[in-house]
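Keep in mind that this is a model prediction, so the values were computed, not measured. Whatever order the structure lists them in is the order used to number ligands and atoms, beginning at 1.
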Amino acid sequence: MTDIWPDHLFLVGCGNMAGQMLARWLACGIDPARVIVLRPSGKAVADGVRVITDYPTALPAGTTVLLGMKPYQLADVAASLAPLCGADMRIFSILAGTPLADLRAALPAAGEIVRAMPNLPVGIGEGVTALYADAAVPPASRQVVEVFIAPLGLAEWIADEGQFNEVTALSGCGPAFLFRFIDAFARAGEALGLPADQAARMALATVRGSASMAALASESPAVLADRVASPGGMTRQGLNVLDADDRLLKLLTDTLAAARDRGEEMARGE
Ligand SMILES: NC(=O)c1ccc[n+]([C@@H]2O[C@H](COP(=O)([O-])OP(=O)(O)OC[C@H]3O[C@@H](n4cnc5c(N)ncnc54)[C@H](OP(=O)(O)O)[C@@H]3O)[C@@H](O)[C@H]2O)c1
């Protein structure tokens, strides 16, 4: 079988997000001996993964670097990382709101740079990772990237870097919106008189089962919804509430727009 893993993976920062990505790659078989993590705390990451608190004097040829610290730390990190970079190194940046041009300016000697916006379920292989690279990254390299990201879940290239805030609003922030939905779904059952713990279990299992079913179905979720709603029945009556004046659609559009707008404000330093 072809080896899908980079020969050497260097993580700069390994907190909530990069930690989830690495956990999944390790679970899927990357050799921990290929991985080095730099984190100021020096906290252990996983068996066999070397953790360092300062930069090495050199990185092996062909290293893939994952930038997993906070975006505002880019200048600090680049001061130490840039001299270690060569044209044979691929940089993955998960730094929210940090454009390719800033990454390129910070790490001018690095090879291909790919922006990635993962979400938290990558840790269980059910995440979504939006990817962006410019024309300097040819199709063959994009394929290597896709294969490396595939264990994390769905990978989607976006054509326009300007849409990063939109994809972040949808899939990056999405888990929080859906956690909120599941909670509200359960509390609505409780409001109708069901025991809270039972409503919580049933709400979560209903969402999980419906998402799995939709993922397997050939029809769209919109068609599936109408298919389970017979005219005059209970489901149709409930859907009528969600559908009235497109209220669910409007609520979600407003939710994503607010998240997107905040991303734009943060990019302007507000
Ligand atoms: N959380 C999300 O859902 C999400 C989604 C998509 C993208 N992102 C992006 O992921 C990045 C990390 O976010 P996070 O939520 O994972 O943050 P986090 O949990 O605070 O992790 C930050 C990591 O950076 C390390 N670090 C701190 N100072 C550093 C320095 N000077 N040099 C190198 N590493 C340093 C920390 O080290 P210690 O471990 O030693 O403290 C930690 O491992 C951000 O750029 C964010 O935009 C996050």
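- With hydrogens and angles disregarded, a donor-acceptor distance shorter than 3.5 Å links the side chain of Arg104 to the backbone of Ala110.
- When all heavy atoms of Ile91 and Cys85 are compared, the pair lying nearest together is CD1-SG, 4.2 Å.
- The Leu38 neighbourhood of ligand 1 comprises atoms 33 (C), with distances under 4.0 Å to a heavy atom of that residue.
- With hydrogens and angles disregarded, no donor-acceptor distance shorter than 3.5 Å links the side chain of Asp245 to the backbone of Arg247.
- Counting only distance, with no hydrogens or angles, the side chain of Arg115 and the backbone of Thr98 share a donor-acceptor pair below 3.5 Å.
- No donor-acceptor pair closer than 3.5 Å links the side chain of Trp157 to the backbone N or O of Ala133.
- Set against the non-hydrogen atoms of Ser41, the atoms of ligand 1 under 4.0 Å away are 38 (P), 39 (O), 40 (O).
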Dump the intermediate steps for salt bridge (Lys or Arg N to Asp or Glu O under 4.0 Å) on Arg187 and Glu190, then the final yes or no. CA-CA 5 Å; Arg187 284 165 51 194; Glu190 189 188 343; 5.7 Å; no
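- In this structure, Leu95 is part of the shell of residues with a heavy atom less than 4.0 angstrom from ligand 1.
- The part of Gln73 lying near ligand 1 is the side chain, judged by heavy-atom distances below 4.0 Å.
- Ligand-side atoms of ligand 1 in range of Pro118: 5 (C), 6 (C), range being under 4.0 angstrom from any heavy atom.
- Annotation for ligand 1: atoms under 4.0 Å from non-hydrogen atoms of Gly13 are 23 (C), 24 (O), 25 (C), 34 (N), 43 (O).
- Counting only non-hydrogen atoms, the option in Ile94, Leu67, Val12, Asn16 that gets closest to atom 9 (C) of ligand 1 is Ile94.
- Nearest to atom 2 (C) of ligand 1 by heavy-atom distance, out of Met266, Met69, Met17, is Met17.
- Salt-bridge formation is detected for the pair Arg201/Asp197: a Lys NZ or Arg NE/NH1/NH2 atom is positioned less than 4.0 Å from an Asp or Glu carboxylate oxygen.
- Given atom 37 (O) of ligand 1, the protein heavy atom at minimum distance is Pro40 CD, 3.3 Å.
- Within the 4.0 Å heavy-atom criterion, the part of Val77 lying near ligand 1 is the side chain and not the backbone.
- Heavy-atom proximity to atom 14 (P) of ligand 1, evaluated over Gln20, Lys70, Lys43, is greatest for Lys70.
- Interface of Pro71 with ligand 1, defined as ligand atoms under 4.0 Å from a residue heavy atom, comprises 44 (C), 45 (O), 47 (O).
- Looking at Arg260, its side chain never comes within 3.5 Å of a backbone N or O of Ala169 through a donor-acceptor pair.
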Test log, rule side chain to side chain contact (heavy atoms under 4.5 Å, CB included), inputs Tyr132 and Val167: CA-CA 11 Å; Tyr132 175 78; Val167 296; over 6 Å; no
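- Taking distance alone, with nitrogen or oxygen atoms compared against 3.5 Å, Gly15 approaches ligand 1 more closely than that limit.
- Residue, atom and distance of the protein heavy atom nearest to atom 22 (C) of ligand 1 are Gly68 O, 3.9 Å.
- Between Met117 and ligand 1, no pair of N/O atoms sits closer than 3.5 Å.
- Taking the six-membered ring where the residue is Trp, the centroids of Phe181 and Phe185 are separated by under 6.0 Å.
- Within ligand 1, counting atoms from 1 as listed, the ones closer than 4.0 Å to a heavy atom of Ala96 are 45 (O), 47 (O).
- Between the side chain of Arg24 and the backbone N or O of Gly153, no donor-acceptor pair lies under 3.5 Å.
- Below 4.0 Å from some heavy atom of Cys14 lie the following atoms of ligand 1, by number and element: 23 (C), 42 (C), 43 (O).
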